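Lettering follows sequence order; numbering is per chain, from 1. All values derive from a computational prediction rather than experimental measurement. Only heavy atoms go into these numbers, but all of them, side chains included; no hydrogens, no water, no symmetry mates.
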Amino acid sequence: MALTQADIKRIAHLARIEVNDQEADETITKLTGILGLIEQMQAIDTNDITPMSHSQDAVQRLRPDVVTKTNLREAFQKNAPLLGNGSNEQAIANGLYLVPKVIE
Amino acid sequence: MEWEVVIGLETHTQLQTKTKQFSSASTAFGAEPNTQACEVSTALPGVLPVLNAEAVKCAIKFGLAIDAEIPLRSVFSRKNYFYPDLPKGYQISQFELPVVGKGKVTIQVPAVGKNAAYEKVINITRAHLEEDAGKSVHDLKSVSALHSAGALQDMSGIDLNRAGTPLLEIVTEPDMRSAAEAVAYAKKLHELVQWIGICDGNMQEGSFRCDVNVSVRPKGTEKLGTRREIKNLNSFKFMQQAIEYETRWQIETLEDGGKIQQATVLFNPGTGETKAMRSKEEANDYRYFPDPDLLPLEVTEADKNAVRALMPELPEVMKARFESEYALSSYDASSLTSSRDLADFFIETVSAGSDAKQAANWVMGSISAKLNVEDKPISASPISPIQLSQLLRRISDNIISKNAAKQIFEAMWLDGGELDAIIEAKGLKQESDSGAIEAIIDEVLAANPAMVEEFKAGKEKAFNALVGQAMKASRGKANPAQVNEILKKKLAA
């Protein structure tokens, strides 16, 4: 399967990764290699094999529904970035994390 | 051309668990922002999700309640998209293999105009477990004082308390053919998830949110039209209005030669209109893949049986029982099982010793009327099932008349108080001493010889007039059945 630069740009946009034209060309080569590997694997007859969703043949362990987490807001919010307006203020206010305005 | 509307629903029900889907942070509503946002909710590096056993139990309960296939294994997948209230960059959901498969919900569509009420089976495609996102706060005026002037103008606030809250998304087949059917389904589902105790049903707090897919096609054709999805309807009234508007809009667009673009739309309650939010093609590429952080979820027959043992009697089963055990009409039984609290209130009233038919009449009549006026749930009734049962027994024991019971009911509803004390204080005790009633009737007969003559001449009406006189003479306290009986005897003598 042949990938185009437009495919790469679209995939990069969905993943919010910035790629310039040169990087896109390099990525075409790498991804084409991976797709070749997948084609090879698709040639294998897997009709009698039950698909697995995980590499381990095990099932999910469940957790009892009991609150054990405490409020660590203050500690976590020390990691918040700066507002980005040249001031030393962090992007937090009244316990909220601040992000560039999002309006649908 | 005649058009047909085709509707399918996706409903997000917030599960009644104490902790989140994949972490043991609290899900309590209304906490200070981000105080319930643990390292998993905020997606700090290195954290791993651990599935909540109670959320799985809720999903199994729902599967059993709609008689659905519950596969041995289901799988969690990542749904990838970027939004500030989703710190991981993906939502953990289920895609190819959901926890609950195909099932059925029977809805009752009420009569409208000359169209009679009817029942219809709505097929459920699937129900899957997933996690909620956080909340964005766009109006930061109230917090702006904390920052240098203007700093918050172009900012939104993010509260991750809700991030990771367990949801069960319930998806129907496109089986509904009118706004009325869609609303009947939503109401039925709303009642069912509360009945089996998996969701509190609080629509204001967002515990039960509906997305409605609407498309139209020429009546009689099979091919589905292009659909638009109305997002986040949080009231049944808005759902009705939104679907009706959207249906009209799509038909008008097509009749004017236009085309429907697949899109997500929002309903504006102010204008009563729906409006496209974003076109779906671009946003829809979620690149689902199995989440490597989670193993497949296994639900064995033993797990199902353990949950089955905890299931309450389902509304349909209870309705049938009310009809057979208490000889209630289908309508009465259906009304009484419209909510579990109402049904429990009725059952408690009956088990406290009152006649089922009387209890049904009072619960659906006086009690429901009062609650309606005061806009209260049955759990807030100031008269308990035991008190209601006592009141009904005073009627059946001939201690008070039905009219007196109504007065007492009003008094107890407003001011509380002990039943027998109120009967005494208001002098509402019925006269059932036949000697006393005979004495009253003798007086009435002596005072009204003309009426007696009329009755003897064949005028039935005169009898009722004499009963009226006797009741008046007893100031309403005489037992009417006894008055009738004694009067009949005396007139025949």
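In terms of heavy-atom pairs under 4.5 angstrom with chain B, the leader among A/Asp57, A/Asn71, A/Leu72, A/Thr70 is A/Asn71. Most heavy-atom pairs under 4.5 Å with chain A: of the set B/Ala53, B/Ala25, B/Pro290, this distinction falls to B/Ala53. Options B/Leu294, B/Asp159, B/Leu297, B/Leu160 differ in how many heavy-atom pairs under 4.5 Å they form with chain A, and the most are formed by B/Leu294. Taking chain B as the reference chain and counting heavy-atom pairs below 4.5 Å, the highest number among A/Gln77, A/Arg63, A/Arg73, A/Lys69 is found for A/Arg63.
Only the backbone of A/Val66 comes within contact range of chain B, with heavy atoms under 4.5 Å apart. Heavy atoms of B/Ala37 lying under 4.5 Å from chain A belong exclusively to its backbone. Both the backbone and the side chain of B/Pro296 come within contact range of chain A, judged by heavy atoms closer than 4.5 Å. Within the 4.5 angstrom heavy-atom criterion, no atom of B/Glu96 approaches chain A. Of the atoms belonging to B/Lys57, not a single heavy atom falls under 4.5 Å from chain A. For B/Phe76, no part lies near chain A; criterion is any non-hydrogen pair under 4.5 Å.
Of the possible donor and acceptor atoms, one in the side chain of A/His54 sits under 3.5 Å from a partner among the backbone N and O of B/Pro292. With B/Lys20 contributing its side chain and B/Ala163 its backbone, the two residues share a donor-acceptor pair below 3.5 Å. In this structure, B/Asp132 contributes its side chain and B/Gly164 its backbone to no donor-acceptor pair below 3.5 Å. Checking side-chain atoms of B/Glu131 against main-chain N and O of B/Ile92 turns up a donor-acceptor pair under 3.5 Å.
Using a 4.5 Å heavy-atom cutoff, the side chains of A/Val59 and B/Leu295 are not in contact. B/Arg162 places a side-chain heavy atom less than 4.5 Å from the side chain of B/Thr165.
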How far apart are the C-alpha atoms of B/Gln91 and B/Ser93, what are their side-chain angles, what is the distance that settles it, and do they pass the side chain to side chain donor-acceptor pair (under 3.5 Å) test?
-> CA-CA 6 Å; B/Gln91 177 195 32; B/Ser93 182; 4.7 Å; no

Could you walk me through whether B/Thr17 and A/Asp65 pass side chain to side chain donor-acceptor pair (under 3.5 Å), step by step?
-> CA-CA 7 Å; B/Thr17 59; A/Asp65 185 31; 4.5 Å; no

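Side-chain contact, B/Asp291 with B/Ser77: no donor N or O sits under 3.5 Å from an acceptor N or O. There is a side-chain donor-acceptor pair under 3.5 Å between B/His128 and B/Glu130.
Annotation for B/Lys18: atom NZ does not count as buried by contact number, only 12 or fewer foreign heavy atoms lying within 6.0 Å.
Contact residues of residues 40-52 of chain B toward chain A are B/Thr42, B/Leu44, B/Val50, B/Leu51, B/Asn52 (heavy-atom distance under 4.5 Å). Contact annotation for residues 22-29 of chain A against chain B (heavy-atom separation below 4.5 Å): no residues qualify.
Between B/Asp303 and B/Arg308 there is no salt bridge, since none of the side-chain N atoms of the basic residue sits less than 4.0 Å from a carboxylate O of the acidic one. With respect to B/Asp154 and A/Lys101, no salt bridge is recorded, no charged nitrogen being found less than 4.0 Å from a carboxylate O.
Stacking of B/Lys79 on the aromatic ring of B/Tyr90 is not recorded, the 6.0 Å distance cut-off and the 45° axial limit not both being met.
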